[in-house]
Amino acid sequence: MKLPSYQEARSRKKAAIEREEYHKEKELSHIGEKKTYYVKTYGCQMNEHDSENIKAMLEELGFIESLEMEASDLVILNTCSIRENAHNKAFGMLGRLKHLKEMRPDLIIGLCGCMAQEEGVVDEILHKYRQVDFVFGTHNLHRLPMILKKYMDSGKQEIEVLSVEGNLIEGMPVKRASKYKAYVNIMYGCDKFCTYCIVPYTRGKQRSRKKEDILAEIRSLVADGYQEVTLLGQNVNAYGKDFAEDYRMENLLEDVAKTGIPRVRFMTSHPWDFTDAMIDTIAKYPNIMPAIHLPVQSGSSRILKRMGRRYTKEEYLTLFDKIKEKIPGVSVSTDIIVGFPGETEEDFQDTLDLVEHCQYDNAFTFIFSKRENTAACRLKDDTPLREKEQRLYRLNQVVNRYFLENNQKLVGKVVPVLVDGYNENGKTQLFGYTDTNKLINFDGPDALIGKIISVEVTEAKTWSLDGIIVEPKNH
Ligand code: SAH
Ligand code: SF4
Ligand code: F3S
């Protein structure tokens, strides 16, 4: 049994990260025969992509995907630690699964993802959630087949969580959720240690994938007809900083654009590492989408300092203005935390001022959530929750107004849209995303799914657009 240790997780060892090829254990290939599985994913795109690897590994073992959790033989929860409510959701689900297991003792329950990397969570699983049969962490995803086999052989709770990242595993199988849009990891982990954030503990130190591996993956996606890749990392702008050679995010973006993939997106960008060269590259290549997620977190330089974000309000605004000036038609979205320990009404006003300036196209807003073991969890926090909730409400009023205003500016314009599929309105309405990452709904035939088409925007709403197809041809 290997348990997580926060102390080890915090350490950043110098040892070089080796590249290792995924090895399929042939003798295990039958253990899932005639069994079904269900994977429930919480959290960010990184977790969604990990679930794509998990599903493919399970299918190599013979398991078949089921769309119904209640009817599955194996349920895996791929969890997220970012805020308390992510925790609560997963624990709530474990409660439901306990009942299910009482009725069906053969049900196998696994837990993985960021919560598995937390000391406190694993401790609770050991003592309170005995219905969980196996646990694996973010650093040993590739060990799933072995861990599952060990549990199936012994019937005993199997916990294997590494606190420190191991080798960089290449060539893991993947069952992609879409045939047109793909996630591609370019780096793992994070070394920024923003004081509120748990990710540097749950995902380990920053490790960039080799450009050859990334580009080979993207070239094979192009060959398979994929239209869009999203380059993933907690802090993609720091890509390559852990390499000896001088190959950074701007170089990677350029090489990815040159593969000919019709659309390139990337997330998330920390403002600290956003270089002028990156801005120029994004502006230069039409297939790098003009949509940038640039989390600000707070508009108060005092709070930013306490958050460990390493930029001031003024530095952020300078970068923001440069991006807007150099990349025509760019949309910018952000993340904002309200109620960080010590945030005063004046600090909050600074955030509102910044939002008035930036007029974001989209924003994810959160109330500060105390995360075990992070630096911010030791800070004095005397703002009542009610006050924080009111700040969140006031902030949302302002950001929502700008979502709508920005969308209204698009009415009458023709925009390129990658068609995703039918929307919830039934069988005639399609939906897709514009180059600037706006959700748009329009009528059309299913033959257009997976294609990039021109759509005229006819109506703007706060969170989406309506449109009509102009010409059903490729861009
Ligand atoms: N790597 C990304 C952030 C990933 S987490 C970045 O640096 O931009 C996504 C968002 O969750 C963060 O941008 C932040 O706004 C929010 N978040 C992270 N930790 C939080 C916490 N403890 N409480 C509230 N929100 C948090
Ligand atoms: Fe968390 Fe900061 Fe790293 Fe983003 S950059 S994952 S917010 S520590
Ligand atoms: Fe959550 Fe882990 Fe992603 S904490 S946001 S799943 S990196």
Side-chain angles (χ1 to χ4, degrees), residues 9-10 12 40-51 54 77-87 89-90 111-118 121 137-139 141 165 183 185-206 231-239 241 266-274 292-299 303-304 306-311 316 332-341 343 351 360 362-379 381 385 388 391-392 395 399:
R10 196 185 304 126
R12 288 299 186 260
K40 171 94 186 141
T41 312
Y42 302 87
C44 62
Q45 288 84 353
M46 193 83 62
N47 251 19
E48 280 177 38
H49 188 41
D50 285 349
S51 286
I54 290 170
L77 303 186
N78 189 7
T79 61
C80 168
S81 307
I82 202 82
R83 283 170 293 275
E84 198 180 347
N85 71 346
H87 258 219
K89 277 189 204 157
L111 184 140
C112 63
C114 287
M115 279 171 68
Q117 297 292 142
E118 291 184 60
V121 169
T138 59
H139 300 316
L141 209 64
E165 58 288 328
Y183 290 130
N185 279 329
I186 61 167
M187 60 189 300
Y188 301 94
C190 179
D191 290 341
K192 286 282 184 282
F193 285 97
C194 301
T195 58
Y196 51 81
C197 185
I198 201 164
V199 172
Y201 302 87
T202 62
R203 292 275 169 173
K205 85 169 177 184
Q206 174 177 325
L231 309 178
L232 288 184
Q234 286 304 337
N235 176 17
V236 290
N237 307 3
Y239 173 80
K241 279 187 145 185
F266 54 96
M267 68 186 312
T268 296
S269 292
H270 189 300
W272 172 251
D273 294 305
F274 216 117
I292 292 174
H293 189 58
L294 195 66
V296 64
Q297 314 298 0
S298 167
I303 294 296
L304 285 169
R306 288 164 70 90
M307 287 176 160
R309 288 293 284 185
R310 310 184 204 193
Y311 53 83
Y316 181 90
V332 181
S333 54
T334 201
D335 294 344
I336 298 172
I337 299 174
V338 299
F340 185 81
E343 183 190 71
T351 298
Y360 292 107
N362 204 352
F364 300 90
T365 56
F366 312 102
I367 292 180
F368 167 74
S369 174
K370 213 173 176 171
R371 305 323 290 136
E372 184 196 353
N373 225 48
T374 58
C377 86
R378 291 184 288 275
L379 296 175
D381 185 7
L385 181 61
K388 295 187 182 192
R391 283 184 198 164
L392 183 68
L395 175 64
V399 291

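In listed order, ligands and their atoms are each counted from 1.
Contact annotation: Q45 has no heavy atom less than 4.0 Å from any atom of ligand 1. In this structure, M46 falls outside the shell of residues with a heavy atom less than 4.0 angstrom from ligand 3. At least one heavy atom of I367 sits less than 4.0 Å from an atom of ligand 1. Ligand 1 is never approached by N235 to a heavy-atom distance shorter than 4.0 Å.
At a heavy-atom cutoff of 4.0 Å, ligand 1 is contacted by the side chain of P295 but not by its backbone. Residue-level proximity to ligand 1 for F366 is carried by the side chain, the only part with a heavy atom below 4.0 angstrom.
Distances below 4.0 Å separate heavy atoms of Q234 from the following atoms of ligand 3: 7 (S). Proximity to Q297 (heavy-atom distance under 4.0 Å) selects the following atoms of ligand 1: 12 (C), 13 (O), 14 (C), 15 (O). Interface atoms of ligand 3 facing C114, defined by a heavy-atom separation under 4.0 Å, are 2 (Fe), 4 (S), 6 (S), 7 (S). Numbered from 1 in the order shown, with element, the atoms of ligand 3 that lie under 4.0 Å from a heavy atom of N47 read 6 (S). Atoms of ligand 1 found under 4.0 Å from any heavy atom of R83 (numbered from 1 in listed order, with element): 11 (O), 16 (C), 17 (N), 23 (N), 24 (C), 25 (N), 26 (C). For ligand 1 and F368, the ligand atoms under 4.0 Å from any heavy atom of the residue are 23 (N), 24 (C). Atoms of ligand 3 found under 4.0 Å from any heavy atom of C80, numbered from 1 in the order shown, are 1 (Fe), 4 (S), 5 (S), 6 (S).
Ligand 1 has no N or O atom lying under 3.5 Å from any N or O atom of S269, backbone or side chain. In terms of polar-atom proximity, H270 is not counted as a contact of ligand 1, lacking any N or O under 3.5 Å from an N or O of the ligand. Remark: ligand 1 and D335 share an N or O pair separated by less than 3.5 Å (distance only, no angle test).
Protein heavy atom closest to atom 22 (N) of ligand 1, with residue, atom name and distance, is S369 O, 2.8 Å. Of the protein's non-hydrogen atoms, the one nearest atom 6 (C) of ligand 1 is T268 CG2, 3.8 Å. Here the protein heavy atom with the shortest distance to atom 5 (S) of ligand 1 is I82 CD1, 3.5 Å. Atom 3 (C) of ligand 1 has Q234 OE1, 4.1 Å as its closest protein atom, hydrogens excluded (heavy atom only).
At least one side-chain heavy atom of F266 sits less than 4.5 Å from a side-chain heavy atom of I292. S298 places a side-chain heavy atom less than 4.5 Å from the side chain of M307.
The protein residues lying under 4.0 angstrom from ligand 2, judged by non-hydrogen atoms, are C190, K192, F193, C194, Y196, C197, V199, P200, Q234, H270, R309.
Scanning R371, K192, R309 for the heavy atom closest to atom 7 (O) of ligand 1 points to R309.
Here C44 meets the criterion, with an N, O or S atom under 2.8 Å of atom 3 (Fe) of ligand 3.
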